[in-house]
Amino acid sequence: MAQGSMAPGIHPGRLSSDQLAENFEDLHAPFAPHEAAVAADRCYFCYDAPCVTACPTAIDIPLFIRQIQTGQPENAAKTIFDQNILGGMCARVCPTETLCEEACVRETAEGKPVEIGRLQRFATDTMMAQGVHPFERAARTGKRVAVVGAGPAGLACAHRLAMKGHDVVIHEARENPGGLNEYGIAAYKTVGGFAEAEVDWLLKIGGITVETGKALGRDLSLEGLKADFDAVFLSIGLGGVNALRADGEDKSGVANAVDFIAELRQADDLTKLPVGRNVVVIGGGMTAVDAAVQSKLLGAENVTIAYRRGREAMSASRYEQDLAASKGVKLMFNVQPVAVHGNGAAVEVELEYTTTEGGKLTGTGETLRIAADQVFKAIGQTLEGAPSGLTLDGGKIAVTGAGRTSVDGVWAGGDCATGGDDLTVTAVAEGRDAAEDIHAGLMA
Amino acid sequence: MADLTTNFLGISSPNPFWLASAPPTDKEYNVRRAFEAGWGGVVWKTLGSEGPPVVNVNGPRYGAIYGADRRLLGLNNIELITDRPLQTNLDEIARVKADYPDRAVIVSIMVPCEEAEWKAILPRVEETGADGIELNFGCPHGMSERGMGSAVGQVPEYIEMVTRWCKEYYSKPVIVKLTPNITDIRYPARAAHKGGADAVSLINTISSITSVNLDNFSPEPSIDGKGSHGGYCGPAVKPIAMNMVAEIARDPETAGLPISGIGGVTTWRDAAEFMSLGAGNVQVCTAAMTYGFRVVQEMIAGLSRWMDEKGYSSTDQFIGKAVPNVTDWQYLNLNYVTKARIDQDACIKCGRCFAACEDTSHQAISMSPDRVFEVIDAECVACNLCVDVCPVENCITMERLSAGTVDPRTGKTVSDDYANWTMHPNNPMSTAAE
């Protein structure tokens with residue numbers, strides 16, 4: 001029987017633990033102090049810098065890089081955390097190539113931006129390694145705020161509220177706080193238990209209680225929270241997954257990419273995590289790339305991303321596409337799934353070529369089949385379990401201004417709410433800004 | 001390829017790049033390596049009187065300042081003159097000169113201001129066959145506390161006196177090395193000239209403290225928690241050195257006095273600039289100490305190519321060519337009106353020109369919401385700050401307004417007549433133009 005990558009079906013242990021450890025190393029090794037000094041020297045300290053404009057949290061990037069230049073990464077970290085309390089995670093997972101680094105004038109000048117993300121990590125890691133939390137709570141206000149969901153938006157909101165002197169209770173449905181930082185995102189972007197450590201570090205501000213295993217609609221109700229707290233912030237993420245709407249979707253071997261990623265992130269031993277020999281990921285976003293690359297790194301022989309539109313429409317950045325390709329993932333464009341074949345378990349995926357005319361995607365009728373003992377669905381997540389009474393817009397909780405919902409006293413932010421891209425950094429900005437708005441309202 | 005052969009005071013060298021009297025020229029071993037690398041000449045590190053040699057500190061001797069990417073811009077030195085026995089140096093000089101007859105070997109000397117001391121050492125130096133001597137009246141650290149180095153260079157009468165002794169007891173060219181630690185460099189140069197010096201060389205190093213250790217509050221380089229001012233050199237001092245060279249070159253009292261230019265020469269371009277300001281050759285130290293002797297290859301090839309491009313077949317053809325253009329402020333043409341121009345294709349939109357102009361100058365650059373930066377001619381005084389802070393070379397330039405156009409800042413029509421401060425109506429001392 002074939003071993004390793006060649007073994008048919010879905011199996012654990014395709015690679016040795018040493019090989020797995022190597023595969024799942026840090027995608028970008030942290031800067032050593034000398035590397036950081038050299039990288040920091042490239043910053044021009046631009047006026048009204050384009051990188052700051054491009055950052056959803058508007059971190060004063062030229063200032064923090066100058067602080068690294070002058071030998072004070074701790075002050076650089078403070079500059080970052082002032083705007084983005086999850087600056088450590090964002091330094092790791094932000095698609096900087098489409099945000100700050102894309103806007104860097106060095107990109108214009110030389111095609112090589114200042115490595116802002118890695119410099120940010122250098123600064124934030126330095127301070128966090130010292131165990132220092134740079135903020136103190138204001139005097140207690142006696143006001144209590146409920147936050148639902150301990151993902152980036154909820155954590156950022158809770159931290160800012162706690163800083164202002166309010167008491168915050170975060171209700172989290174899962175076992176651990178962190179949201180997608182803990183359960184989503186490729187493992188090689190946040191190694192060494194960073195997500196968990198970051199939450200612990202963030203909570204050092206004090207005044208925040210985290211209650212896990214508490215889901216809205218099951219253990220809590222919005223009405224109850226409204227009655228018990230002075231304000232409510234909803235950051236419940238997108239719990240549902242879009243269906244393929246292809247025949248055979250119910251066959252074994254077909255799974256949600258987000259569940260696979262979560263399982264991988266929570267796994268203590270990657271040699272025990274099963275993966276197919278032939279993996280097909282349906283979708284074109286970061287989740288698709290994260291699932292595909294990690295399947296390959298776990299030892300799958302063939303991994304294909306099948307995306308129904310062209311490369312330019314893919315929401316995963318070109319950098320992410322190239323990362324996938326460099327790991328041996330095959331990218332297929334203009335194909336959509338029509339069926340999963342197999343006797344009980346998936347064996348093949350049937351794809352139909354597509355064409356886009358006048359903005360409308362249609363199948364051409366021409367199909368092909370590729371081997372697939374594991375199929376991951378990564379075609380978008382949907383809002384699930386939003387409390388009734390809230391106005392929705394395009395499948396998300398409608399918000400105006402700094403996250404105000406249609407219900408008085410209830411704010412929302414992060415992926416569950418309208419506005420902004422579904423990015424960690426955007427969620428942080430929304431949580432932070434909602435906190436400021438909640439604070440202003442509570443103190444008025 | 002242009003011929004770089006340089007004749008300085010009748011001393012021929014294959015190129016105008018000499019190593020200055022400094023740590024790189026302290027020993028036969030180093031000097032041989034320098035000559036093998038291609039240096040045209042060396043000024044041997046300063047010799048002192050016969051007797052027990054000087055001693056150096058046993059802690060750090062150098063301090064530094066840096067630009068971006070830790071590029072060394074300035075070096076500071078508290079090393080004294082040679083700490084090896086006089087005879088050892090003399091023997092090595094004789095050997096090296098014999099083996100490299102085509103290279104210039106100059107011996108730097110610093111002995112007390114007593115005629116007997118100079119009378120004693122000069123014949124021994126003469127015996128080595130070296131091509132000339134350089135009188136170290138410049139070092140600002142250590143030896144100056146003992147009445148030598150810059151302590152002599154700061155008193156024109158001493159310079160003249162010692163130079164005269166040297167001309168009396170030594171038959172070959174005498175170069176007087178000047179200290180920049182003085183208010184007007186022309187006075188020591190004139191004194192050297194009066195004493196019969198064949199040339200002056202400048203600048204020696206500048207008294208300096210490069211940094212302070214903020215843990216123990218000791219100046220750097222720190223010797224057991226204390227520091228002493230050192231001699232500053234390297235690219236950072238080049239502008240100061242070039243001005244002093246030019247001041248001497250255009251002083252009627254020292255007209256024609258040969259100059260060996262020293263101070264931050266790092267590239268062929270630096271050398272060409274010094275020489276255009278009147279230096280017959282240049283001396284280099286910090287560039288060699290930073291990058292090793294091999295840097296001279298860039299200098300040789302670079303100067304040669306530039307000369308070819310300009311059509312110069314010998315260095316004589318451009319030495320001093322910039323001197324007539326060095327003038328006093330009062331003679332600058334006030335009718336020369338320029339405005340900054342930004343090349344939008346070259347602009348990378350960093351906005352540094354805007355910040356500099358808006359915050360610290362004349363509010364003469366506008367910024368649009370999509371980061372287009374444009375010069376407002378009605379406000380631009382042509383200060384050049386935007387040009388200087390722009391990270392992209394030639395992105396911002398200064399363009400002269402042609403005669404007949406109106407300067408929107410002053411409302412005056414630009415004239416191509418030459419008019420300076422001495423003619424200006426606001427000058428109470430002005431004289432009407434003829």
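Keep in mind that the numbers below use all heavy atoms, side chains included, and drop hydrogens, waters and symmetry copies. Just so it is clear: chains get the letters A, B, ... in the order the sequence lines come, proteins before strands, and each one is counted from 1.
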Under 6.0 Å from the CG atom of B:Asp224, do we count more than 12 heavy atoms belonging to anything else shown? no
So which residues of residues 225-243 of chain B are in contact with chain A at a heavy-atom cut-off of under 4.5 Å? none
What is the distance from atom SG of A:Cys104 to atom NZ of B:Lys349, rounded to the nearest 0.5 Å? 14.5 Å
For atom CZ of A:Arg42, is the number of surrounding heavy atoms from other residues, nucleotides or ligands below 6.0 Å larger than 12? yes
Do you know which of A:Asp48, A:Val38, A:Thr53 has the most heavy-atom pairs with chain B at a distance under 4.5 angstrom? A:Asp48
Count the heavy atoms belonging to other residues, nucleotides or ligands that lie under 6.0 Å from CD of B:Glu309, then report whether that count exceeds 12. yes
Tightest non-hydrogen contact, residues A:Ala109 and B:Ile348, listed as CB-CG2, 3.6 Å
Is it the case that more than 12 heavy atoms not belonging to B:Asn216 sit under 6.0 Å from its CG atom? yes
Can you confirm whether more than 12 heavy atoms, excluding those of B:Arg305, are under 6.0 Å from its CZ atom? no
Region of B:Arg70 in contact with chain A, defined by heavy-atom distances below 4.5 Å: backbone
Is it true that, when you exclude B:Arg33 itself, more than 12 heavy atoms of the residues, nucleotides or ligands shown sit nearer than 6.0 Å to its CZ? no
So do the side chains of B:Arg352 and A:Tyr47 get within less than 4.5 Å of each other, counting heavy atoms only? no
Only pairs of heavy atoms separated by less than 4.5 Å count here; which of B:Ala68, B:Ala346, B:Ala356 has the most with chain A? B:Ala68
Whether over 12 other heavy atoms sit under 6.0 Å from A:Lys204 NZ: yes
